[in-house]
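Naming convention: chains lettered A, B, ... in sequence-line order (proteins, then strands); numbering from 1 in each chain.
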There are 2 protein chains.
Amino acid sequence: MTTKTSNTFSRSSLKRLPLYLHLLENLTSQGVTSVSCTQIAKEFDLDPTLVRKDIEMTGEVGTARVGFKIISLISKIKSFLGWDQQQDAFLVGVGNLGKAILGYKDFNKYGLNVVAAFDNSPDKIGTKIFGYQILSSSKFVNLAKRKKVTIGIITVPAVFAQGAADLMVEAGIKAIWNFAPAPLRVPDGIILENARLTQSLAVLTNKLKS
Amino acid sequence: MTTKTSNTFSRSSLKRLPLYLHLLENLTSQGVTSVSCTQIAKEFDLDPTLVRKDIEMTGEVGTARVGFKIISLISKIKSFLGWDQQQDAFLVGVGNLGKAILGYKDFNKYGLNVVAAFDNSPDKIGTKIFGYQILSSSKFVNLAKRKKVTIGIITVPAVFAQGAADLMVEAGIKAIWNFAPAPLRVPDGIILENARLTQSLAVLTNKLKS
DNA sequence: TAGATTGTTAATCGATTAACAATC
DNA sequence: TAGATTGTTAATCGATTAACAATC
């Protein structure tokens, strides 16, 4: 097999990997050392072949009749997701959701290292939240360039979201994790990942109605 | 066309509707009264036919050469998503994320009415957060039954998530919105919607790595 | 009218599932 | 060895896109 140059994987596959990872870590803590696709699949009501293909994507190879070595599989998934090393991130918008993210220390297990938080409100600038000194958004671009920050997190209200995204693009940020319920326009080459709670809620409330 | 008895719609379609809704509301506030699928599609880089099918799902019909009446379309989408009336919800787990949800007043635009919040920690029980009196989890089942609450929101740490879900099922809750990064087991018939931030983050960090 | 857009059917594409030989 | 499981190829399924007649 030749190595693909443009590795683009399906969202669906990518989103299953954290589930597997969680299970694998639980199994490890129980002393289990190997696992089969059949077992993983049963846990999440998936087809074993699907799990096998997801794992294949990470580069891990198994052993017939035995399955996969959990320790090795965990490390392959982490490295495939980029969770084996942390990327520096700046957060813009210290409202309730912004605060929640600042307070969630586990993100560093998921490749994310929030290093600074910004806001426009004079009430917030200068205060400290979960150890983060809140900075004025006007300092964003210079600081992000200087520190070569790669990820921007947007937790501002919808109307300010595009402005925040523009700042991030200007600052040379490579990926934006957007929590604002607004459609953002970013240039080609900038990775944009929307984490819109209302979309998830839409699925729930629609099903509830039926 | 006969009316389907078991209306189950694709997640992908359902998740696009809130995007359309947001745009339509913006257009309305600008005084625009009608819109075509082509316009909507362009806004989100989608195929116009896809948008047309999504809209068809809501039951709205358009006019050839003119498009759709925005006011009517908005109301059809809202009603299709169940956002034209609110469902009562109880939240369990008043950590950072739980607080953020309690503080986000806009959820009532999305069919969700958070009426009470619960926690296990004696430090939190009895305190007030964003106007919500924090109650002991031990009161959850009785209160939820009495008030006929339909939605449960789980914002506890992963290890307590299954316990919270079990409480909710016992209390006769119909749908669970789960923010804990743990796989939950619920009986058939209970709607489970996972809002897992780590899945979204996985897509972002993987792309960043390439 | 002319032509943009709807509504609808057919084609394509990609993800999931099934089948099966190889293997430990 | 026997048989469970991997790795891989083929079939299916569902979502997206293309094609096109009807219509305002």
Apply salt bridge (Lys or Arg N to Asp or Glu O under 4.0 Å) to A:E43 and list each qualifying residue two or more places apart in sequence or on a separate chain. none
Looking at every non-hydrogen atom in both residues, tell me the closest pair between B:L91 and B:G93 and how far apart they are. CD2-O, 3.6 Å
Would you mind reading off the distance between A:E56 atom CD and D:dT8 atom P, rounded to a whole angstrom? 6 Å
Between B:R52 and B:E60, is the closest basic N to carboxylate O distance under 4.0 Å? no
Starting at atom CD1 of A:I40, determine the distance to atom P of D:dT6, rounded to an integer number of angstrom. 9 Å
Please list all pairs passing the side-chain hydrogen bond (donor to acceptor under 3.5 Å, both in side chains) test where one or both residues lie in residues 96-118 of chain A, with sequence neighbours left out. A:D88-A:N113
Please, which pairs that meet salt bridge (charged side-chain N to carboxylate O under 4.0 Å, His left out) have at least one residue in residues 184-194 of chain A, sequence neighbours excluded? A:R11-A:E193, A:R185-B:D45
Is there a residue in residues 70-81 of chain A whose heavy atoms reach under 4.0 Å of DNA chain D, and which residues are they? none
In plain terms, say whether B:E25 and B:K78 are close enough for a salt bridge, that is, a side-chain N and a carboxylate O under 4.0 Å apart. yes
Where are the stems of DNA chain C, defined as at least 3 consecutive Watson-Crick or wobble G-U pairs with both distances under 3.5 Å? C:3-24 with D:3-24
Pair listing, ring pair (Phe, Tyr, Trp, His ring centres under 6.0 Å) test, anchored in residues 173-210 of chain B, at least two apart: B:F107-B:W177, B:W177-B:F179
For DNA chain C, find the residues of residues 27-35 of chain B with a heavy-atom distance under 4.0 Å and give them by number; none if there aren't any. none
Listed by chain and number, what are the salt bridge (Lys or Arg N to Asp or Glu O under 4.0 Å) partners of A:D84, not counting sequence neighbours? none
Please identify each residue that fulfils salt bridge (Lys or Arg N to Asp or Glu O under 4.0 Å) with A:K69, with sequence neighbours left out. none
In B/S/- notation (B base, S sugar-phosphate only, - none; protein heavy atoms under 4.0 Å), nucleotides 11-24 of chain C written 5' to 3' is ----SSBB----BB
With sequence neighbours excluded, residues passing salt bridge (Lys or Arg N to Asp or Glu O under 4.0 Å) with A:K207: none
Where do B:P183 and A:H22 come nearest, in terms of heavy atoms and distance? CD-ND1, 3.7 Å
Report yes or no: do B:S13 and B:S10 form a side-chain donor-acceptor pair below 3.5 Å? yes
Test of understanding: with side-chain hydrogen bond (donor to acceptor under 3.5 Å, both in side chains), list the residues that count as partners of B:S121, not counting sequence neighbours. none
